[in-house]
Colleague: 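Below are the structure tokens for one structure; questions will follow.
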Amino acid sequence: MAEYYLKTPLEKDEILKLKAGDTAYITGEIFTARDEAHLRAVEYMEEGKTLPFEFNYGVVYHCGPLMKKENGWKAVSAGPTTSARMNRITPKILEKVEVMGIIGKGGMSDEVVEALKGKGAYFAYTGGAGALAAQSIKKVKAVYWEDLGMPEAVWVFEVEDFGPLIVGIDAHGNSLYSEIEKKIEENFRRLLQKF
Amino acid sequence: MVEYEDVVSTISDLLFKAETELGEDVVEVIRNAYEREDNEVARRNLEAILRNIDSAGKLKVPMCQDTGIPVVFVEIGRELCLDFDFKQAIIDGVIKATKEIPLRPNAVHPLTRKNPGTNVGLHVPQINIDFAEGDKLKLTVMPKGAGSENVSALRMMLPSQIDAIPKFAVEVVRNAMGKPCPPVFLGIGVGSTFDGAAKLAKKALLRDVRKMDEYERKIVNMANELGIGPMGLGGKTTVLGAYVELGFCHTASLPVAVNIQCWANRRATAVLG
């Protein structure tokens with residue numbers, strides 16, 4: 001299992017190198033988006049409106065941060081949220097980009113694994129590790145769609161060595177989650193016989 | 001003598017404590033799990049959790065950005081006189097904490113999804129009141145995150161299904177997979193009514209997490225055989241503890257509720273008066 005230090009905007013070669021199970025750290029710009037921001041982003045795309053942030057070659061972070069305003073915004077605690085909630089909408093975004101990274105927790109569906117092929121990777125960050133994550137956020141560069149409320153707004157962060165991230169899904173159709181799920185299913189069936 | 005202001009500041013202080021530091025019992029079981037775990041990815045996740053707990057304590061910031069929905073447990077000594085708007089004092093304590101700590105505003109209208117930004121609203125904070133002997137006021141806060149709440153479950157089982165209770169608990173863990181930020185704790189309410197079982201399950205999460213009986217340990221061991229692991233990435237650390245609270249129920253029913261709690265089992269208690 002290799003360790004990679006990635007920079008944004010992402011480069012396709014770098015993304016293609018990653019294998020499920022590798023460790024990665026990201027430096028540069030990432031932006032948060034969860035349920036409401038995803039819905040609005042797709043609405044914008046369908047209406048042909050320009051988004052104030054860029055998915056293409058970018059890194060979207062499934063996160064609803066806890067922010068504090070004192071001489072500008074500061075991220076207080078900013079760990080990942082459950083990515084599965086974005087399963088349905090993510091392929092619609094992936095079909096519009098050439099390269100993209102996703103940071104979240106809990107993994108994503110087979111449809112997303114398929115949509116990431118050849119262009120993107122899913123990075124798992126430890127759920128609940130909000131204080132640790134905030135330490136890698138060096139600056140809050142912008143906030144969009146504040147009307148959605150603090151957790152659902154889009155926050156643009158400048159991050160340094162954001163991680164450790166585990167490559168949960170790579171650009172070659174490999175998902176740590178689906179491998180583990182198969183084992184869990186076997187274990188569950190064995191357990192059921194015990195009951 | 002307990003006054004309005006005491007309740008406001010205590011609720012706010014308790015929320016600060018719960019959000020920034022875990023109880024020693026919780027940290028101890030996470031650390032023990034880290035030492036026992038041999039899956040490399042699982043160890044990396046558990047290490048990040050321990051480093052995060054450490055950072056939150058040192059920096060005095062909430063350990064998780066999901067600062068939860070405020071749940072409050074109150075025990076009122078029957079000799080105590082509360083001659084003020086007690087409910088409003090708890091609400092004001094939550095508003096104060098949200099502004100000053102700060103907490104992420106999580107409470108929204110269920111249908112319009114409008115967020116007032118204060119963490120209070122219809123039936124929020126959720127207040128559970130019980131009575132005790134004496135003249136003290138015991139306040140406990142449990143800010144509860146949504147990841148683990150969303151995969152909790154309740155089943156109206158049949159009286160003939162008593163033996164199937166552990167199986168139901170394991171099924172809930174299996175269905176939850178990596179979503180509730182495992183490793184998790186399980187609060188299990190057995191008996192009472194439909195709503196009462198859920199309340200018992202939440203109350204079970206207040207216990208010292210190091211103390212389990214044989215039945216509870218059995219549930220933990222079975223659930224850990226699933227191999228979900230920390231964050232659903234595999235390993236033997238999926239459930240850190242299971243705690244069962246019982247309540248009498250109707251002779252024709254057996255309600256069972258399983259309330260999942262993430263590793264950040266945030267609770268804080270104070271006694272006033």
Side-chain angles (χ1 to χ4, degrees), chain A residues 1 20-21 23 32 35-36 63-70 74-85 105-107 124-135 147-153 163-166 168 176-177 179-181 183-188 190-192 194-195, chain B residues 19-20 40-41 44-49 51-59 61-67 101-106 108 113-115 117 145-147 150-151 163-164 166-167 170-171 174 177-182 222-223 225-234 262-264:
Chain A
M1 284 187 269
T23 303
T32 70
D35 314 53
E36 303 284 338
C63 167
L66 164 59
M67 306 295 292
K68 189 178 187 174
K69 203 171 196 174
E70 48 174 28
K74 188 178 174 290
V76 179
S77 195
T81 192
T82 304
S83 299
R85 292 201 315 274
K105 73 173 174 84
Y125 191 68
T126 304
L132 195 64
Q135 284 178 279
D147 61 297
L148 296 176
M150 185 193 289
E152 304 288 339
L165 303 166
I166 292 158
L176 277 188
Y177 299 94
E179 285 166 33
I180 290 158
E181 265 164 45
K183 276 187 218 153
I184 294 167
E185 265 321 297
E186 282 169 31
N187 294 339
F188 185 54
R190 211 182 47 236
L191 263 169
L192 284 181
K194 283 196 201 171
F195 288 120
Chain B
E19 299 282 1
T20 56
E40 200 206 325
V41 173
R44 267 188 274 167
N45 274 304
L46 290 170
E47 198 190 323
I49 288 169
R51 276 176 56 208
N52 181 63
I53 293 168
D54 195 50
S55 293
K58 280 189 187 136
L59 300 169
V61 297
M63 64 193 79
C64 178
Q65 75 293 335
D66 184 354
T67 51
I101 297 175
L103 301 179
R104 195 177 71 177
N106 293 317
V108 302
R113 311 307 287 181
K114 280 234 160 58
N115 191 331
N150 282 351
V151 287
D163 292 344
K167 182 181 161 204
V170 171
E171 269 172 17
R174 182 226 161 256
M177 299 295 274
K179 290 197 277 286
C181 284
M222 283 190 294
E225 279 185 44
L226 289 169
I228 295 171
M231 303 303 141
L233 288 165
C262 60
W263 60 262

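Note on naming: letters A, B, ... go to the chains in the order of the sequence lines (proteins, then strands), and numbering restarts at 1 for each one.
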Colleague: Between chain A and each of B:N150, B:I228, B:N106, count heavy-atom pairs under 4.5 Å; write down the option with the most.
Modeller: B:I228

Colleague: So which part of B:A264 gets closer than 4.5 Å to some heavy atom of chain A, the side chain, the backbone, both or neither?
Modeller: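 Neither part.
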
Colleague: With a 4.5 angstrom heavy-atom cut-off, which part of A:Q135 approaches chain B: side chain, backbone, both or neither?
Modeller: side chain

Colleague: Go through the atoms of B:L103 and report whether side chain, backbone, both or neither lie under 4.5 Å from a heavy atom of chain A.
Modeller: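 Backbone of B:L103 only, per the 4.5 Å heavy-atom cut-off to chain A.
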
Colleague: Is A:I184 close to chain B through its backbone or its side chain, or both, or neither, when contacts mean heavy atoms under 4.5 Å?
Modeller: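 It is both, since atoms from each part get that close.
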
Colleague: Run the side chain to side chain contact (heavy atoms under 4.5 Å, CB included) test on A:R190 and A:E185 for me, step by step, so that the C-alpha distance in whole Å, both residues' side-chain angles and the decisive distance to 0.1 Å come before the verdict.
Modeller: CA-CA 9 Å; A:R190 211 182 47 236; A:E185 265 321 297; over 6 Å; no

Colleague: Quick one: what part of B:D66 sits under 4.5 Å from any heavy atom of chain A, side chain, backbone, both or neither?
Modeller: neither

Colleague: Tell me the closest heavy-atom pair linking B:A48 and A:L132, and the distance in Å.
Modeller: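 Heavy atoms of B:A48 and A:L132 come nearest at O-CD2, 3.7 Å.
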
Colleague: Out of A:L191, A:I166, A:D147, return the one with the most heavy atom pairs under 4.5 angstrom to chain B.
Modeller: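 Looking at each option in turn, the highest pair count goes to A:L191.
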
Colleague: Checking B:L59 against chain A: side chain, backbone, both or neither under 4.5 Å from a heavy atom?
Modeller: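 It is the side chain, since no backbone atom gets that close.
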
Colleague: What do the steps show when you test B:V61 against A:S77 for side chain to side chain contact (heavy atoms under 4.5 Å, CB included), and what is the final call?
Modeller: CA-CA 7 Å; B:V61 297; A:S77 195; 5.6 Å; no

Colleague: Is the shortest side-chain N to carboxylate O distance from B:R113 to A:E36 below 4.0 Å?
Modeller: no

Colleague: Quick check on A:F188 against chain B: is it the side chain, the backbone, both or neither that has a heavy atom closer than 4.5 Å?
Modeller: both

Colleague: Which atoms of B:E40 come close to chain A, meaning under 4.5 Å heavy atom to heavy atom: side chain ones, backbone ones, both, or neither?
Modeller: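 Side chain of B:E40 only, per the 4.5 Å heavy-atom cut-off to chain A.
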
Colleague: Is there a side-chain contact between A:L192 and A:F195, using heavy atoms and a 4.5 Å cut-off?
Modeller: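 Yes, at least one pair of side-chain atoms sits under 4.5 Å.
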
Colleague: Please flag which part of A:L66 lies under 4.5 Å from any non-hydrogen atom of chain B: side chain, backbone, both or neither.
Modeller: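 For A:L66, heavy atoms of backbone and side chain both lie under 4.5 Å from chain B.
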
Colleague: Side chains of B:W263 and B:N45, heavy atoms from C-beta outward: is any pair under 4.5 Å?
Modeller: no

Colleague: Quick one: what part of A:A129 sits under 4.5 Å from any heavy atom of chain B, side chain, backbone, both or neither?
Modeller: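 Looking at A:A129, backbone and side chain both touch chain B.
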
Colleague: Please identify each residue that fulfils side chain to side chain donor-acceptor pair (under 3.5 Å) with B:E171, with sequence neighbours left out.
Modeller: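 If we apply the side chain to side chain donor-acceptor pair (under 3.5 Å) test to B:E171, skipping adjacent residues, the hits are B:R155.
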
Colleague: Do you know which of A:G106, A:G128, A:G149 has the most heavy-atom pairs with chain B at a distance under 4.5 angstrom?
Modeller: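 Highest number of heavy-atom pairs under 4.5 Å: A:G128.
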
Colleague: Where on A:M67 is there a heavy atom nearer than 4.5 Å to chain B: the side chain, the backbone, both, or neither?
Modeller: backbone

Colleague: Assess, by modelled atom type and distance only, whether the side chains of A:T81 and A:K105 contain a donor and an acceptor separated by less than 3.5 Å.
Modeller: no

Colleague: Please flag which part of B:L46 lies under 4.5 Å from any non-hydrogen atom of chain A: side chain, backbone, both or neither.
Modeller: neither

Colleague: Counting only heavy atoms closer than 4.5 Å, note whether A:E181 contacts chain B via side chain, backbone, both or neither.
Modeller: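 For A:E181, the contact with chain B is made by backbone and side chain together.
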
Colleague: Between A:T23 and chain B, with a heavy-atom cut-off of 4.5 Å, which part of the residue counts as in contact: side chain, backbone, both or neither?
Modeller: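 Answer is both: backbone and side chain atoms of A:T23 are under 4.5 Å from chain B.
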
Colleague: Could you check whether any side-chain heavy atom of A:E152 comes within less than 4.5 Å of a side-chain heavy atom of A:D35, counting everything from C-beta outward?
Modeller: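 Yes - at least one pair of side-chain heavy atoms lies under 4.5 Å apart.
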
Colleague: Stepwise, does the side chain to side chain contact (heavy atoms under 4.5 Å, CB included) test hold for A:N187 with B:E225?
Modeller: CA-CA 7 Å; A:N187 294 339; B:E225 279 185 44; 5.7 Å; no

Colleague: Do other residues, nucleotides or ligands put more than 12 heavy atoms under 6.0 Å from B:R51 CZ?
Modeller: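 Incorrect, the count does not exceed 12.
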
Colleague: Do A:Y177 and B:L233 pass the side chain to side chain contact (heavy atoms under 4.5 Å, CB included) test, and can you show the C-alpha distance, the side-chain angles, and the key distance before you say yes or no?
Modeller: CA-CA 6 Å; A:Y177 299 94; B:L233 288 165; 3.6 Å; yes

Colleague: Against chain A, work out which of B:C181, B:A164, B:G178, B:G117 has the most heavy-atom pairs shorter than 4.5 Å and name it.
Modeller: B:C181

Colleague: Which residues satisfy the side chain to side chain donor-acceptor pair (under 3.5 Å) test with B:E19, sequence neighbours excluded?
Modeller: B:R266

Colleague: For chain B, which of A:C63, A:A133, A:G127 has the most heavy-atom pairs under 4.5 Å?
Modeller: A:G127

Colleague: Report which part of B:M222 has an atom under 4.5 Å of a heavy atom belonging to chain A: side chain, backbone, both, or neither.
Modeller: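 Both parts, heavy atoms under 4.5 Å.
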
Colleague: Against chain A, work out which of B:A56, B:G232, B:P62, B:G234 has the most heavy-atom pairs shorter than 4.5 Å and name it.
Modeller: B:P62

